[in-house]
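Computed over heavy atoms, backbone and side chain alike; hydrogens, waters and symmetry mates excluded. All residue numbers in this chain count up from 1 along the given sequence.
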Amino acid sequence: MARDQYQDTDENDYTSSRETKKDSAARSRRKDLGISCMLNTELGAVMAVIRRPPLDPTSQFFVPEENVDPTILQSLKSLRALLFNTQQEWRTVDPSIYLTPFLQVIQGDDIPAAATGIALSAILKVLTLEIFDEKTPGVKEGINSIVIGITTCRLEKIDSTSEDAVMLKILQVLTGVMKHRTSVLLTDHAVCTVVNTCFQVVQQSASRGDLLQRSARYTMHELIQIIFSRLPEIEVKQGEDSESESDGHDVDVGGNLDSGYGVRCAVDIFHFLCSLLNVVQVVETESSSFQAADEDVQLFALVLINSAIEWSGDEIGRHPKLLRMIRDDLFHHLIHYGIRSSPLVLSMICSTVLNIYHFLRRFIRLQLEAFFVYVLLRVAALGSPLPLQEVALEGIINFCRQPTFIIEAFVNYDCDPLCRSIFEDTGKLLCKNTFPVASPATASQVQAFEGLATMIHNIADNIDREDDLSPFDPYPAEITEYRPFWEEKSQDHELESWVEFVRVRKAQKKKILIAANHFNRDEKKGLDYLKLSKLVSDPPDPKAHAFFFRYAPGLDKNMIGDYLGDPDQFHVLVLKEFTDTFNFSGMILDTALRTFLETFRLPGESQKIQRILESFSEKFYDQQSTDTFATKDAVFILCYSLIMLNTDQHNPQVRKKMTEEEFIRNNRAINGGQDLPREYLSELFCSISNNAITLFGQPGVQVDMNPSRWIELMNRSNYTQPLVLSNFDRRLGRDMFACIAGPSVASLSAFFEHTDEEEFLHECVEVLFSIARIAQYGLEDTLDELLASFCKYTTLLNPYASAEETLFVFSNDMKPKMATLAVFTIANNFGESIRGGWGNIVDCLLKLKRLKLLPQSVIEFDTASPSSSDIPKESESAIIFPARNPKFGSRQASSTISRFSHFLSLDSTEDSLSLNMSEFEQNLKIIKQCHIGNIFSNSSNLPDEALFNLGRSLIFAAAGKGQKFSTPIEEEETVGFCWDLVIAIALANIQRFQEFWPNFHDYMLAVTQFPMFSPIPFAEKAIICLSKVCLKLLSTYRHEKFPEELIFKSINLMWKLDKEILDSCCELITQSASKILIEYPANLQTQLGWKSVLHLLSVTGRHPETYDQGVETLIMLLSDGTHVSRINYAYCIDCAFGFIALKNSPLDKNLKILDLMADSVNLLIQWYRNQFSESGNSFSVASNTSNSSMEDNSKGIGSLNFAMNLFLKLGEAFRKTSLARREEMRNHAILSLKRSFTLAEELDLTSTNCINCFNLVLFAMVDDLHEKMLEYSRRENSEREMRSMEGTLKISMELLTDVYLQFLKQISASPGFRTFWLGVLRRMDTCMKADLGEFGKSTVQELIPDLLRKMITQMKEKEILVRKEGEDLWEITYIQIQWIAPSLKDELFPEEIF
C-alpha cells in the first residue's frame, strides 16, 4: 500500500511538471507573439508615414515616396514578412535582423521627420522590452550598430519643430542604450560617441527650446552617471598600473571586443569634461554675452565632473591615468579659475574639490594644499568681493564640517615644515573674519563665526572622547636630537611613536620660523639658532641648510642669494644641495629658470651669478626630458642669454629692443658647436618678451599659481608621501587648538559682545563650553582669558556702575544673564582647568552677594562626616552649602550644554506675568540655575593648581583686593562670605588638607603685606572659620600630624595680627577649645596644637561669660591626667598659671588648680620611670616651639634632664604664683611647691638638678618675696599687705630649709657646693637684716636662727660641715654665722678656739 502511495505521488509530480512546462511555453509564445505584433505595428507606422501625402505639398521639407531609397522600403517589407513566420524565440534571434530596417530609416537621407521619430521610438521599445540580452547571438554588433545608427541620424530636411522632437527621441534612445543590460558590450569608441552626440544636442539646444536643452542636459548627466558607476566593475589589468606610460598609448582595459568599454572611454570623457573648463580665450573677450555662455558651460561641466566623481568614488584611485588627470588637469583648471570666476562657478569648484577630498584625498595632498593657499584662503580674506568671500567661506566651512579634515590638515600640512600651515591659516582667517567692529554682525562675520564654531566643536568632540586612551596630560614636544626636518615618516609605525614624530615636526616648524626671523636680521644669529635648536647637525650638514633656504617662509631673498653665491666651500655645497631640491622634469628652460629664481634674488656680483647659474645648468641638463642640449655649457650660456634678454625687453631704460632674429643669431653654435632648434629659441624669446622673469616670493607679496609653479608641484607630488589619514589624538588636538587659541578667544569675545540675537548668543556659549573641554588638556591660560571676557559681559564687574544700575542692566538684558550662567557653568564643570580665572568668578560672586541675588538656599553644603553636627550647617553669612549634584563634573559637556536649552524660559514677559514672578524673583531663578554651591562642595574634584587659585582668589577678596565697600557692614558681610567659602573648600577637601593648606597659609601671609590692610574684620572672621576647620580635622584621628600643625599655624597667624580679636571672639574660641579638649584630646598630637589650644583656653578666662567653661575644661583635663603628656605638660602648666594669675578669679578654683599642678609631679615620675614606653613621644620638626630650655628635647624625652626641665617649669609657675596679691593663693602655692619637691625625690635628682632648682625656683622665690616685702614697707598704709607678704616669706624660708635638708646629700656632692652654701647663708643674712622702717623689726628674724640651727646641725651629723685640710667650708660658715646670728656661734661651734 505504501509503495502504491509513493507511485501515485510520483505520477502527480510528473503531471504537475508537464503542466508547468506547458504553461511556461505558452507564456513564451504569447510574449513572442506580442513582440511580433509590436514590431509589426511600428513597421506599419513607419511605412504609412513614408507613403502618407503631405498636408502641404509645396513645403520644402516634403519628400515624395519615389525619392525614398527603395532598399529601405524593401528592408521594411522583408522584416514584416518574417515577423510571424519565425520558428525561434525572439531572444535567440540576431538583433541586427529586426534593428537594421529601423536604423536604415534613421540614417536615410530623404526620410520624413515623422518616420525618423517612429523608427527611434521602435528602437526605444526594443531596448525597453529587452528583447535581446547579453547571451543573444550577434548582440555586441547589434548594440553597437544602434549607437552608430543613432549618432549618424540625418536631419537635413526637417523643420525646427520636428527636429526638436527627433532630438528628444535621440536622447531617449541614447539613454536607453546605456541603461540596457548589454551596454557593457559597447566599445570605448561607441560610448565616447554617445557622449559626444549628447553634448552636440546640448550645444544645439542652446538656441532652441528650453525643454530640449533641459532634456539634453539631463541625458548628459544620466550618461555620465551610468558610465562612471561602472568604473568599480572594471578590472585593472597589467599595464595600466604604471603611471609612466605615455598618454598616446593607453592600455585598453575592458575595452576590447570581448569585454566592452572600459577605463579608456572614462579617461577620454573625463578629459573632455575638463576641457570644457578651459575657457581662457573666451574670458579674455570683452563681450558680456560670451561670458555668460562660458559660465554656463563651466557650471555644466562642473556638474558632470561632480557626478563622475560621486558615482566612481574611490575607485578612481585604482586607475592611474584617470587619477593623474584629476590630480593634474582638473586641479590645475580648478585652481586657475577658482580666483577668476563668478560666485556660482566658485561654489561649484568648491563642491568638486570637496567631493575629490571625500574619495581621493590620499592622492591629492599637494593639490589640496594649493587649492587652499591660492583659492580659498585668498578669496575668503578680507578685501575680496563680498559675494566671492562668502562663497569661499562656505567652502572652508564645508571642509571643516568633515569629521577628519581638520586633524588631517594639521598632521599633513601644519606639522610638515615643507608645507603651509593650512589648519592654522584657516583658523586664523575665520577668527579675523569673525571679529566684528560694530553691531550688528554682518552676514560674512556670522558665516565665519559658524565656521570657527564648527572647527572648535570638532576639536572638542574628538579630544574629549572616552575611548581615547592617549595620555591626559599633553607633555610638550621637545627636539632632543638632530633629525632631518624634511624627512617624512609613514604611519605604519606604532601609533605612539608616530604621534611623537608628528609633534616633534611641528616643534621643528616653529623653530624654523624663529630661525628665519633671526636670519633676516643677522645671518650668523639665524644659522646659530638652527644649530642650537638641533635643526642642523654638528658638524653642519649642507643639505639641512639647503632645505632651510628652500622652504623656510619669510626669508629675505637677497640674503639667500648672497649666501648661495658665496665662494666658501661650505656655501658651494649648500648651493648644490639647494639646486637638488628642484625637479625640472617636463619643464622648458625659461620655466625652469623662473621656478629657480623665484626662491631667491640673484646677487649683483657676476662671480656669484656665475656659480649659481652653473649649478642650475648642471641640474637642468641632467633632468632634461629631451636631447635638446648637448652639454651643460649650452644650458649655462643660454641662461645668461635669457637673463640679458629679460633685461633688454623689460628695462624701460633700454630704448632699442632686441629682435627675435638678433636673439637667435646671438645664440648660434652654442650647443656643442651646433645650433639649437630655431623653434625652441623662438619659443623662449616669445615667452620672455611676453612675460618677464620676475622675482616673486618677497615677504607679504601674493603670488599666483603659474604654469612653472604647477609643474614643480606635480613633480614634487611624485615623491611626496600620500596624505595621511589620521584619527584624533588628544595631544594633537591640544596642539591644534593652541595654534589658534589667542585669536579664537578674541573673536569669540568680540562676537558675543556685538551680537544681540539669541541664537548666536547660545552658539557663543556652546563654543565657550567646547573651549573649556579642550582647555582641560594643558590650555588653562586660554580658558582664563575667555572667562575674564565673559565675566566682563555679566556687567557685574563694572566699577563705575552703581548697584541699582547694575541690577537694572542685569534684569533687563538677556546677554548678562547668559554670560553669568555660562561663567558659573564653566566653574562647575571645568573648574579643574581654571587658574587665574577664579579671581573674576569670585568677583562676580561677591557682586551677586551685594546685589542680594544670592538667597540663603542658593548654596548648601553637607559635611557628610560623623561630626557634622559639631559644625553649624548655616554659616555666619547665612549661606548653606549643598551636596554634590552627580550629573555634573564629568569631562563630557552634554549635560552642561543641555542646560541652555531651557535657559531663560522665564525671561519672556508673558511667562513672567503668567507665573506672577517679580523681576527680582526672575533673577533669583537664573542664579539658582548657576548651582554656585556645587563649585565649592565639589571642589574635591579640582586638581591642586585649580584649588590653589580658587583659595587664593577668596582669601585675597576677603582681604579687600579688588573690592570696594560702601559701608562697614557690607565689608563685614563680604569678608564673612569669603571665609565661609574657604570653609566649604577646606571641608570638601579635608582628605588632602596637607596638600593645599600650606598655599592657603602663604596667601594669608601675603595679604598681611597689602597696603592699607586691616586685620579687622579679616582676621576676626578668619579665626571663626579656621576654628571650624580645626574641629573638622580633629574630629577623627589622623596618623599625619602635618595638617594639625598647618591649621594651628594659620590660627596663630590670625590672632597675632590683632590680639583684641581673641577678646571679640572669646565665646567661639571657648567653645572650640573646650570641645577639642573634652571630646578630641586624643586626636591632638603636636606640640603646636596643644600650645595653641591651651593658649586660647587661657584667654577665655579674661571674660566672665567664658571663664567658667574654660576653667572647668582645664580642671577636667588636669584631673583626668590621661591626655596630659610630655609634649603638652609645659603648656598645661602655662595655661593653669594663666587662670591662676587672673584678677578676681574664684579662690576655690585657683586652689584646685594649684593642687592639680602639684599632683602632676606624679606624671613626671611615671614618665621618668617608663622612659620611652609611652606613646606620643615623637615631635614634629615643624612645631613652633618656644624659646624655653625645657622644650629642647633633642636629648630624649625619657631622660632625667627632660623630666627636670618640666619640673622646673612647674616650679617657676609656683614661684610666680607665690607673688599673688591674695595671701591664701601665695601660701597655697608654696605649700604646693613643697609637695612637689617631696614627690620629686623619686626623680633621682642629681646635684646639678638640685642646685638648678634652688637657683631658678627657691632662691628666686625668696628674693622676690623679700623684695616685695620691702616694697610694701616703703608704702604708706600698707602694713597689712607687708605683714601678709612677711608671713609668706617665712613659709618660703622654711620651704627652702626643708628642701635643702631633703636633698643635702646630692647637693653636698656638687663641686659648687661651697658657692651654693654661701648663697643660702646670704639669703638668711638678707632676711635677718631686713629693715621694715616704721613698721619695726621683721618677725622673720626670729625664724632665721632656728632654720640655721636646723641646717648646720644636719650638716654636722652627716659630716658635711667638718674641719678638713684644704677646705675652708667650716671657717666660712663660722664667720657667716657670726654676722647672721652671733648668738648661735657658741651653740653651733663650741670647739672653735681662736
* Asked: So, Asn458 side chain and Thr454 main chain: donor-acceptor pair closer than 3.5 Å or not?
  -> no
* Keeping the roles fixed (side chain from Lys817, backbone from Ser811), state whether a donor-acceptor pair exists under 3.5 Å. => yes
* Could you tell me which residues satisfy side-chain contact (heavy atoms from CB on, under 4.5 Å) with Ala477, sequence neighbours excluded, listed by chain and number? => Arg503
* Asked: Any ion pair linking Lys510 and Glu424 (charged N to carboxylate O, less than 4.0 Å)?
  -> no
Report, one line per pair, each donor and acceptor closer than 3.5 Å where one atom sits in a side chain of residues 950-957; sequence neighbours left out.
unit_1: Ser953; atom_1: OG; unit_2: Gly839; atom_2: N; d: 3.1
unit_1: Ser953; atom_1: OG; unit_2: Asn949; atom_2: O; d: 2.8

* Verify side-chain contact (heavy atoms from CB on, under 4.5 Å) between Leu796 and Asp843, making sure each step is shown before the conclusion. => CA-CA 8 Å; Leu796 297 174; Asp843 290 343; over 6 Å; no
* Between Arg362 and Glu408, is the closest basic N to carboxylate O distance under 4.0 Å? -> no
* **Worked verdict on Ser939 versus Asn989 for side-chain hydrogen bond (donor to acceptor under 3.5 Å, both in side chains)** => CA-CA 7 Å; Ser939 60; Asn989 295 272; 2.8 Å; yes
* Asked: So, are Asp729 and Arg731 salt-bridged, with charged N and O less than 4.0 Å apart?
  -> yes
* Please determine if Lys509 and Asp416 form a salt bridge, counting it only when a charged side-chain N lies under 4.0 Å from a carboxylate O. => no
Tell me which donor-acceptor pairs under 3.5 Å the side chains of residues 385-395 have, and how far apart each pair is, sequence neighbours excluded?
unit_1: Glu394; atom_1: OE1; unit_2: Gln447; atom_2: NE2; d: 3.2
unit_1: Glu394; atom_1: OE2; unit_2: Arg401; atom_2: NH1; d: 3.3

* **Ring centres under 6.0 angstrom apart (Tyr413, Phe372)** => no
* Is the backbone N or O of Arg365 less than 3.5 Å from a side-chain atom of Glu369, with the two atoms forming a donor-acceptor pair by type? -> no
* Asked: Just by distance, with hydrogens left out, do Ser789 and Ser749 show a side-chain donor and acceptor under 3.5 Å apart?
  -> yes
* Give the ring-plane orientation class for Tyr1003 versus Phe1000, where under 30° counts as parallel, over 60° as perpendicular and anything between as tilted. => tilted
* Under 30°, 30 to 60°, or over 60°: which ring-plane class applies to Phe449 and Phe751, parallel, tilted or perpendicular? -> parallel
* Asked: Step by step, would you call Ser497 with Lys489 a side-chain contact (heavy atoms from CB on, under 4.5 Å)?
  -> CA-CA 10 Å; Ser497 172; Lys489 182 178 182 180; 2.7 Å; yes
* Taking the inter-plane angle between the rings of Phe423 and Phe410 on a 0 to 90° scale, is it parallel (under 30°), tilted (30 to 60°) or perpendicular (over 60°)? -> perpendicular
* Check whether any side-chain N or O of Asp813 sits under 3.5 Å from a backbone N or O of Val809 as a donor-acceptor pair, and report yes or no. => no
